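Report on the following structure.
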There are 2 protein chains.
Amino acid sequence: MSDTITRLLDAAETGIRLRGYHAVSFRDLAEELGIKSSSVHYYFRQKEDLGLAVVERYTERVFAALTAETANTETPIDYLTAFVSVYRHALKGSDSICLCGMLGAESAGLPEKLAAAVAAFFQENIDRIAANLPRTMPAKARREKATHILATLQGAMTVATSLKSHKVFDNAVRDLLAGAEV
Amino acid sequence: MSDTITRLLDAAETGIRLRGYHAVSFRDLAEELGIKSSSVHYYFRQKEDLGLAVVERYTERVFAALTAETANTETPIDYLTAFVSVYRHALKGSDSICLCGMLGAESAGLPEKLAAAVAAFFQENIDRIAANLPRTMPAKARREKATHILATLQGAMTVATSLKSHKVFDNAVRDLLAGAEV
DNA sequence: ACCTGTCTACCTACTGATCGGTAGGTTGCC
DNA sequence: GGCAACCTACCGATCAGTAGGTAGACAGGT
């Protein structure tokens, strides 16, 4: 992948995670890279194409990190702790919320394909968590707990960013994991 | 409050909750009411003023509903059930997320005063929940659980809206309350 | 060694639509 | 006459997107 494409995806991802899809413009991205906005259209014909590429790359990166981080966990609580640490790292490394947390909030105003990609990201998160909850739990209870965990992570990032304190995220997650030790 | 102002606040709130602050324009609002965009400036000099008025009215309405709904609760779990039902009602009535959930996500790209008003909304939510948790819990644990509960509610609205199913919200909240019965 | 064609990675220059915002009417009620 | 509730008619900035040009690298043929 060319350097310019990578830098474009980086700038777009940062902008979307901080301010939202509609607050990111081709002109701003171009200016940040030192090129012209028409050159951005050379790589991404429409804004939707850029958005989709950002979500695709983000999805792959997050799931790769989740797979790696949870690889050697043995108990469900170890798995959850590792899972959560990937999100904690994402928040602290970027000082912004999850890309899909932002796009999920905006999804009614997004191109359909983009909204669908975000929904798929959420669903895959829920499925992965549910698959690693104790086998002794009924399937319905696992689905509920998995949804609860994803919702808490996403909401904790939003509230922590608004209150400008990563501790808010840690506080929410500490109680989440304390309650999950079933 | 004049009818036009109420209708403007309604239209702006709906637009922001569905698509975000930057996706709402004076022109669209005016068109929806059948007036001209310059007339919107007659009521709200700047977009920021409109945004602040929307958040103010929303904050008052939500806290009034929370106060009313939780008025006759006796146990912490009753309080939480009533608290959560206000958010459930907000989601189902509007088919969109919490106004402050959207603005909190976008807060890095918002006028400062607006971001501050949203942060205050979150903080007040946390304080109210914490104040109604069992007195037997240490203050720190109450703060953590309260943050956890607000984060779950906000995240559950986002994920449910993205996955286009209110059941997602119910699933997350059912597990949240099941774990909260301490 | 020199021309020729093709390709990538941009560029200039522009379009029509839309943005928030302003100046200065007009209309109808009290 | 004065005021509230609009209006027309703009402004300059910004938006996504398009048309068509160019400079440089590389390849193949002669």
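So you know, we letter chains A, B, ... as the sequences are listed, proteins then strands, and number each from 1. Everything quoted here is computed from the prediction, not taken from an experiment.
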| field | Six-ring centre of B/Tyr21, B/Lys47 cation under 6.0 angstrom, axis tolerance 45° | value | yes
| said: Can you tell me which nucleotide in C/dC10, C/dG20, D/dC15 comes closest to the side chain of A/Ile35? | reply: C/dC10
| Pair B/Lys113 + B/Asp49, salt bridge at N-O below 4.0 Å | no
| Between C/dT15 atom P and A/Phe26 atom CZ, what is the distance in whole Å? | 21 Å
| said: For a quick check of understanding: with a heavy-atom distance under 4.0 Å over all strands, which category does A/Thr4 fall into, base, sugar-phosphate or nothing? | reply: sugar-phosphate
| d(CD, B/Glu48; P, C/dC19) in whole Å | 19 Å
| note | Rounded to whole Å, CG of B/Asp49 lies from C1' of C/dG20 at a distance of 12 Å
| message | Closest approach to the side chain of B/Ser37, judged atom by atom: which nucleotide of D/dC6, C/dG21, D/dC15 is it? | response | C/dG21
| remark: A/Tyr42 has its side chain closest, among C/dG20, C/dC10, D/dA16, to C/dC10
| Would you call the rings of A/Phe121 and A/Tyr87 parallel, tilted or perpendicular, where under 30° means parallel and over 60° means perpendicular? | perpendicular
| Flag for B/Arg57-B/Thr6: side-chain donor and acceptor within less than 3.5 Å | no
| task | Please tell me which of the listed nucleotides, C/dG20, C/dC10, D/dG17, lies nearest to the side chain of A/Tyr43? | result | C/dC10
| query | C/dG20 base to B/Arg27 side chain: any donor-acceptor pair below 3.5 Å? | reply | yes
| task | Could you check which of C/dT18, D/dC7, D/dG17 has an atom nearest any side-chain atom of B/Ser39? | result | D/dC7
| What integer distance in Å separates A/Lys47:NZ from D/dG17:C1'? | 12 Å
| query | Looking at A/Ile126, A/Leu177, A/Val173, A/Ile129, which one forms a side chain to side chain contact (heavy atoms under 4.5 Å, CB included) with A/Ile149? | reply | A/Ile129
| request: Provide, to the nearest angstrom, the distance between the NE2 atom belonging to B/His22 and the C1' atom belonging to D/dT14. | output: 14 Å
| query | Base, sugar-phosphate, or nothing for B/Val24, non-hydrogen atoms under 4.0 angstrom? | reply | sugar-phosphate
| query | Can you tell which of D/dC15, C/dC11, C/dT22 lies closest to the side chain of A/Ser38? | reply | C/dC11
| Whole-Å distance between D/dC7 C1' and B/Leu33 CG? | 15 Å
| query | If you check every side-chain atom of B/Lys36, which of C/dC11, D/dC7, D/dC6 has the closest atom? | reply | D/dC7
| request: Calculate the interatomic distance between B/Asp28 atom CG and C/dG21 atom P; express it in whole Å. | output: 15 Å
| query | Expressed in angstrom and rounded to an integer, what is the separation of B/Asp3 atom CG from D/dC6 atom C1'? | reply | 14 Å
| request: Determine the contact category for B/Ser25: base if any of its heavy atoms lies under 4.0 Å from a base atom, sugar-phosphate if only primed atoms, P, OP1 or OP2 are that close, otherwise nothing. | output: sugar-phosphate
| query | Does OP1 or OP2 of D/dA16 have a side-chain N or O of A/Gln46 closer than 4.0 Å? | reply | no
